[in-house]
Amino acid sequence: MSIKVILTDIEGTTSAVSFVFDVLFPYAARHLPDFVRQNAERADVAEQIAAVRRDSNEPQADVERVVEILLSWIAEDRKATPLKALQGMVWAQGYQAGQLKGHVYPDAVEALKRWHQAGYQLFVYSSGSIQAQKLIFGCSEAGDLTPLFSGYFDTTSGPKREEQSYRNIQQAIGVEPGEILFLSDIVEELDAAQAAGLQTCGLAREGGELGSHITVDSFTGIEPEAF
Ligand SMILES: CSCCC(=O)C(=O)COP(=O)(O)O
Ligand SMILES: [Mg+2]
């Protein structure tokens with residue numbers, strides 16, 4: 001069975017972990033408190049505040065307590081869907097103001113363009129919200145890369161370390177599991193994708209192996225036709 005679709009993670013795969021941890025997360029921690037306070041009545045923000053109250057089992061939490069919970073989730077890198085949705089809204093302001101530019105490794109830019117040109121369908125699966133995914137690729141240092149992608153998946157398809165999430169994504173894309181090549185820097189994500197029948201390739205940018213998965217140190221080493 002040959003590969004038709006390439007599904008890629010972002011942090012540590014197309015983009016530097018340091019960009020997410022040293023630029024995006026601190027930006028969100030700085031701006032999210034006032035953003036939540038000032039927009040608490042806005043429908044999309046209110047929906048996420050309600051989800052924070054639900055997920056934290058604190059139905060009575062006032063806005064200040066919700067902010068406190070969100071900051072603690074940022075500090076522990078919790079992949080909570082409402083946090084990710086709110087981070088995306090805050091980052092949107094940063095990208096629009098020109099304070100943020102998405103980092104995408106040059107080897108990833110080159111390979112994504114080449115694969116798109118060759119007819120592979122490209123999709124993203126990240127814990128970052130779909131809005132955040134479109135921003136990092138749409139406002140990247142290499143320009144607008146969103147025309148390369150056919151679609152985006154986030155934690156609303158399920159957690160990245162669970163097999164069922166990959167089944168959900170495969171069904172949404174509508175090809176056979178073995179026709180999808182999943183790229184990630186996290187072995188538990190690769191294991192979950194493989195258990196769902198996807199092909200896998202690990203990205204270890206500092207070198208090394210990711211379990212028993214074929215592992216490369218840049219996109220230059222990935223040949224979809226070899227899977
Ligand atoms: C979409 S950029 C922000 C990434 C993010 O918030 C995150 O948690 C990274 O998750 P990933 O699944 O890309 O490792
Ligand atoms: Mg990653």
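Please read all numbers here as calculations on a predicted model, not as lab measurements. The residues of the chain are indexed from 1 along the displayed sequence. Note that ligands are numbered from 1 as they come in the structure, with each ligand's atoms numbered from 1 the same way.
- In terms of polar-atom proximity, defined here as any N/O pair under 3.5 Å, D77 makes no such contact with ligand 1.
- Within the 4.0 Å heavy-atom criterion, the part of F25 lying near ligand 1 is the side chain and not the backbone.
- Considering backbone and side-chain atoms alike, D9 places an N or O below 3.5 Å from some N or O of ligand 1.
- With 3.5 Å as the limit, one finds a donor-acceptor pair spanning the side chains of T81 and T155.
- Interface atoms of ligand 1 facing K84, defined by a heavy-atom separation under 4.0 Å, are 5 (C), 6 (O), 7 (C), 8 (O).
- The aromatic ring centroids of F219 and W115 lie less than 6.0 Å from each other.
- Taking every heavy atom of I10 and a limit of under 4.0 angstrom, the matching atoms of ligand 1 come to 1 (C), 13 (O).
- The closest protein non-hydrogen atom to atom 9 (C) of ligand 1 is E11 OE1, 3.1 Å.
- Between atom CG of residue L135 and atom CG of residue L100 there is a gap of 9.0 Å, rounded to the nearest 0.5 Å.
- Geometrically, ligand 1 and S127 share a nitrogen or oxygen pair separated by less than 3.5 Å.
- Checked by distance only, ligand 1 and W91 stay at 3.5 Å or farther apart across all their nitrogen or oxygen atoms.
- The name of the N, O or S atom in E11 nearest to the Mg ion (ligand 2) is O.
- Closest protein heavy atom to atom 13 (O) of ligand 1: S126 OG, 2.8 Å.
- Using modelled atom types and a 3.5 Å distance limit, the side chains of T200 and H213 yield a donor-acceptor pair.
- Between the side chains of Q48 and D44, not a single donor N or O lies within less than 3.5 Å of an accepting N or O.
- Listed by atom number, the atoms of ligand 1 under 4.0 Å from K79 heavy atoms are 7 (C), 8 (O), 9 (C), 10 (O).
- At the top of the distance list for atom 12 (O) of ligand 1, counting protein heavy atoms only, stands K160 NZ, 2.6 Å.
- Defined by atom type and a distance below 3.5 Å, a donor-acceptor pair is present between the side-chain atoms of Q87 and K84.
- Checked against a 3.5 angstrom limit, the closest N/O atoms of Y125 and ligand 1 fall outside it.
- One finds the CD atom of Q171 at 7.0 Å from the CD atom of Q164 (value rounded to the nearest 0.5 Å).
- At the Mg ion (ligand 2), the angle from OD1 in D185 to OD2 in D9 is 80° when rounded to 10°.
- Residue Q133 places no N or O, backbone or side chain, under 3.5 Å from any N or O of ligand 1.
- For F149 and F137, the ring centers are positioned less than 6.0 Å apart.
- With I10 as the fixed residue, the side-chain contact (heavy atoms from CB on, under 4.5 Å) test singles out one of V20, I136, V104: I136.
- Less than 6.0 angstrom separates the ring centroid of F182 from the ring centroid of Y166.
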